[in-house]
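First comes the structure, then the notes that go with it.
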2 protein chains.
Amino acid sequence: MAVEKTLPKGQRVSIKDIARAAGVSHSTVSRALRNSPLVNAETAAYIRRLAQEMGYTPNILAQSLVTQRTYTIGLVVTSIADPFVDAIVDGVEALATREGYSVFLSSSHADPGREIAVVEAFHRRRVDGVIVLASRVGSLYTERLQELGVPIVLINNQAGGEYVYSVSADNLGGAREAVCHLLELGHTRIAYVGCHFRPPSNRHRLEGYRQALNRAAIPYDPNLVIHPRGFSDLENGQQALPHLLEAGATAVFCYNDRMAIGLINAARDHGLRVPDDLSVIGFDDIEMSAFVTPRLTTIHQPRYEMGRRAMAMLLALLAGEQVQDVVLPTELIIRESTAPPRSEP
Amino acid sequence: MAVEKTLPKGQRVSIKDIARAAGVSHSTVSRALRNSPLVNAETAAYIRRLAQEMGYTPNILAQSLVTQRTYTIGLVVTSIADPFVDAIVDGVEALATREGYSVFLSSSHADPGREIAVVEAFHRRRVDGVIVLASRVGSLYTERLQELGVPIVLINNQAGGEYVYSVSADNLGGAREAVCHLLELGHTRIAYVGCHFRPPSNRHRLEGYRQALNRAAIPYDPNLVIHPRGFSDLENGQQALPHLLEAGATAVFCYNDRMAIGLINAARDHGLRVPDDLSVIGFDDIEMSAFVTPRLTTIHQPRYEMGRRAMAMLLALLAGEQVQDVVLPTELIIRESTAPPRSEP
DNA sequence: TCCTTGGTTGCACACGTGTGCAAAAAGAAC
DNA sequence: GTTCTTTTTGCACACGTGTGCAACCAAGGA
């Protein structure tokens, strides 16, 4: 009520209004605005000019109702406030916008209940497709997703069954490269600090860690692998330090850069010097990794590109094309947080 | 075409289907699902059970068409990949979701052309309201926004005319407090590194800087105020260093934390020690500011809360209530990057 | 038995747009 | 001028849902 009074009434101009003004039927207006060849060129031009003057803006809702296409996609993330996530969102949004799609963004906070609620909401809004950038995609969740009857693309999460596609970075290869780098520097006591609430990618990175050790003929020591139980990467990294020291690690491969940065801070507070006393390598190559002290050695993930490719895949699926899962290469970025181990005194 | 074949057909169950199955008219089904008292309690229960079994999901598009409410809002940001922005988006999204709204996220990349396009898209989708977290809201832009006829809330940008409301942090007070902190430490040559592409907030922070100096009876020296021309905060911070040294600054107040971090890195590369040789204070209190070296002294902005309040304001406006602009308090967070000036040798 | 009342239900229209089909208008060929 | 073809237009229905109004039904009272 009050809104009506307070706000200037929105230009509720419909094609019917234009039709009335032009003295034609709404069908003709519809055709003219869609550049149909079934309308006389002159009338069409007149109608388009009229629409312009009257400030007409098509109502996509009504269009969608009949065309069964909303030109809308749903994007589920765990948390928006995560430098890994936001670059991907950026990539998705850029391509989506360019192609005339709008994106619904929702975060699940890794809560299964909310994940379901989000999917439900997307269904009610009849999105054309869904991109999931979530941690754990439970079997139940995936089933529910498939029931939507719309294409789904998972990022960094190859849990997909049928009708579910994925884009991811080469987690396994990247992890292997990270650990190889430490091995080449001469380390043998190399630890892995994993992430318990991102099972799919964590599994691959752990596997890469094991493969690298294996190739170097270094036995796998469970004491050197920890999975902190918290939900904050920075804190998890910090809290990992005591265990690492106890296990006698001289180098650490962290699940991601934020953990690595947390760990480096804890080390500094503990009087340890990185990389002299402890080498640390991360994963992701977030922007800040080049601005912490020491600058972080890490594995670069093409995050923006991952988002772009996910959207591209969705577009292809919507166009009825066949698609294949994508795995993008990672790259080792050597900075200052890794060095040879101190020679034993 | 191929999509139809490849994907399981979405459950296109409408109230008409339910009506047919229940042997009633679609009106009755509609009323039953909306818990209208105009339906027999038993039939209503039966219909609801049936809807459940048939996997019915209401089509919000159709609902919106008749109710003229989409329960959708548009959120415009400059860039998603910005730690200042993402916490706000988080706050907006959390409250929106809780209240049954979905949010369209679009980034403008500070490009006026794209900003207009985004607004246009929002209009076509008939969003119920818009939140703008953009840099510069040109007069043209604001006009266009108002034509939408929907409530608008600006964040950190009181450029609003009529029908445009705002939520912001106390940029002026925060800046004053930052500079006072430096003054209290004994600095007199205090510089300000501003941001040219965020005019509204930059103006307030600069004003706070001047007020603080004024109160301390220190004359304003234009040489101590720089506005780097780039569009990357980190780089702008780095590039500011030479000018600052030339101007003889012993302390620097930066427009935001990212600039401060860039500046600190440049200082380190230049062989300067922060805070011993140069004190640096930022603005925002992004998460990373507590994890760089030295830990950054800064002005905390309640970003999540700003997003929440903006959404709350939009909800109030949509409910027809009167609202007033909101200015949230900031807080000085003293860490390690500020210290008294070195006594002159 | 008839009328009134209150509770249920369906008809019909609306929201804004797209489109198959038939009708009308215009032009072409004879 | 007549007939056939082509172009242009409008009618009517569809998409999925909400709702005013009239009609129906059952129960209660006179």
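In the text below, chain A, chain B and the rest are named by the order of the sequence lines, each starting its count at 1.
- Separating the CD1 atom of I47(A) from the P atom of dT9(D) is a distance of 8 Å, rounded to the nearest angstrom.
- Note on T43(A): only backbone sugar-phosphate atoms sit closer than 4.0 angstrom, heavy atoms only; bases stay farther off.
- In this structure, R34(B) atom CZ and dG16(D) atom P are separated by 17 Å, rounded to whole Å.
- Open room surrounds CD on Q324(B); 12 or fewer heavy atoms of other groups in view lie less than 6.0 Å from it.
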### Task
Apply side chain to side chain contact (heavy atoms under 4.5 Å, CB included) to D128(A) and L314(A), showing your working.
CA-CA 9 Å; D128(A) 288 342; L314(A) 211 50; over 6 Å; no
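- Within the 3.5 Å criterion, the main-chain N or O of A32(B) finds a donor-acceptor partner in the side chain of R48(B).
- Residue T28(A) has its side chain nearest to dT9(D) when only dC15(D), dT9(C), dT9(D) are considered.
- Regarding I15(A), its CD1 atom lies at a distance of 14 Å from the C1' atom of dC15(D), rounded to whole Å.
- Of the listed nucleotides (dT19(D), dG16(C), dC15(D)), dT19(D) has the atom at the smallest distance from the side chain of H26(B).
- Side-chain N/O atoms of R124(B) and base N/O atoms of dG16(C) include no donor-acceptor pair closer than 3.5 Å.
- R31(B) contributes a side-chain N or O that forms a donor-acceptor pair with the base of dG20(D) under 3.5 Å.
- In terms of polar N and O atoms assigned as donor or acceptor, the side chain of S27(B) never comes within less than 3.5 Å of the base of dT9(C) in a complementary pairing.
- Between L61(B) atom CG and dG16(C) atom P the separation is 15 Å, expressed in whole Å.
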